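Everything on this sheet refers to the single structure shown next.
Model, not experiment: these values are computed from the prediction. Order of listing sets the numbers, starting from 1, for every ligand and every atom in it. Start at 1 with the first residue, then count along the sequence.
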Amino acid sequence: MTKFMPEPYKIKSVEPLTILNRKQRKESIEKAGYNTFLLDSKDIYIDLLTDSGTNAMSDRQWAGIMMGDEAYAGSRNFYHLQDTVLELFGFNHIVPTHQGRGAENLLSTICIQPGDYVPGNMYFTTTRYHQEVNGGIFRDVICSEAHEPDKNDVPFKGDIDLNKLQALIDEVGAEKIAYICVAVTVNLAGGQPVSMKNMKDVYALAQKHNILVMFDATRCVENACFIKEREEGYEDKSIKEIVLEMFSYGDGCTMSGKKDCLTNIGGFLCMNDDDLFERAKELVVVYEGMPSYGGMAGRDMEAMAIGLRESMDYNYISHRLSQVRFLGEMLIEAGVPVVKPIGGHAVFLDAKAFLDHIPQTQFPAQALAAAIYLESGVRTMERGIVSAGRDSEGNHHVPKLELVRITIPRRVYTYSHLEYVAEGVIALYKKRKQIKPLKFVYEPRMLRFFTSRFEEI
Ligand SMILES: *Cc1c(COP(=O)(O)O)cnc(C)c1O
């Protein structure tokens, strides 16, 4: 059998792709201030900026779109979504939101008192923002290996270090911990999964101290597939069974529907506690809408219910992980430095190693993402010092990982697209010394990576 089985779908509707010439690409990236977020979609050949909201929906989801019940209250699509999520995740309650960050806003507002700590397995940009804006203090308790891009022999690099967690409990006291945030998978560590054993152990420790465990469930299906492939005792379990067991080790979750729900918009918050649910429902009306739509159209809730169920199909999810691995292995073979092992939704280039002539304060990952666009028309994203932002004193957060994320949208591209992407990156690696460092010409105060502008030094 071939190592990489072909895509488990055939194409029913197509969107043409065009590529600008090099001169046009140079103009585009200069106009965008060397920030790939500011490029126009029409100027991009293959768009690997993000896997967020870029999913291709199935024929069944599109059929679901036509069954949208756009009643202001009590839409039947909400009940379908509710039944699906409660069945597949096993939590007691769901509150729909417009995106994952809508759910983060509700959770952080309800659960965090100023001065509380929120430990997590590395941070995510919007997640940490909502924690901090509510007065919370984020603490990274991920295992130390997660910060070593080259450490290949760790199957679950997203695991929480129980000693770090225990140390925080000893230091500040359990009552000062709002909740533990367990992200499955860990986006900024390179899409690295968390083991079932770790989730179980974290939950046991949390329960002993009466601390809530809230999952960031954004890529839970990818995480489940890694567990099936890597963790002893799970090889014969279905993805559905694994996801259900994962979430039995927690008290709720936030979810971005734009990732593993196979839709283009949406999110939700889940919890088991009745009291938290009441408070979330009071708040969702202020920020999102009625608790039976939470910022989503009826049709979007329908597509989400159908997509979440489809995502549990092993043929789908194993192919997705294979596509990412295919791209990663091509780069590794050519000697390009990438985060290992290859994660679930993206291949992460180690920009510090790729551009070792550029110091981190001159934004090597930002420069590399811009150079990849110029070289091949492919859009990727910086995940390094620019994304990390500044602390309250105004100094850069300096993350150990300085990465460029090459993210694969779900069901959108084929192996041949990824082959082209790899060839472009490899060509660039051979002439990497020509890539110049960058400096800010505009820097917004919050979530600066979205809109900041740079020029070459
Ligand atoms: C995308 C994402 C979020 C936020 O979700 P949105 O739908 O973009 O608001 C939260 N956590 C992780 C890990 C994510 O990747």
Requested in this report: Verify whether one side chain among Tyr123 and Gln131 offers a donor that lies under 3.5 Å from an acceptor in the other.
Outcome: no

Any donor-acceptor N or O pair under 3.5 Å, side chains Asp251, Tyr203: yes

Self-check item: Stepwise side chain to side chain donor-acceptor pair (under 3.5 Å) check, Thr36 with Glu382
Solution: CA-CA 8 Å; Thr36 52; Glu382 193 263 11; over 6 Å; no

Expected contact list for ligand 1 at under 4.0 angstrom, heavy-atom basis, is Gln99, Gly100, Arg101, Glu104, Phe124, Thr126, Thr127, Asn187, Asp216, Thr218, Arg219, Ser256, Lys258, Lys259

> Is any side-chain N of the basic residue among Glu222 and Arg320 closer than 4.0 Å to the acidic one's carboxylate O?
Replying inline: yes

Aromatic plane relationship, Tyr293 with Tyr72 - under 30° parallel, 30 to 60° tilted, over 60° perpendicular:
perpendicular

Hits for salt bridge (Lys or Arg N to Asp or Glu O under 4.0 Å) against Arg390, two or more places apart or cross-chain, chain-then-number order -> Glu443

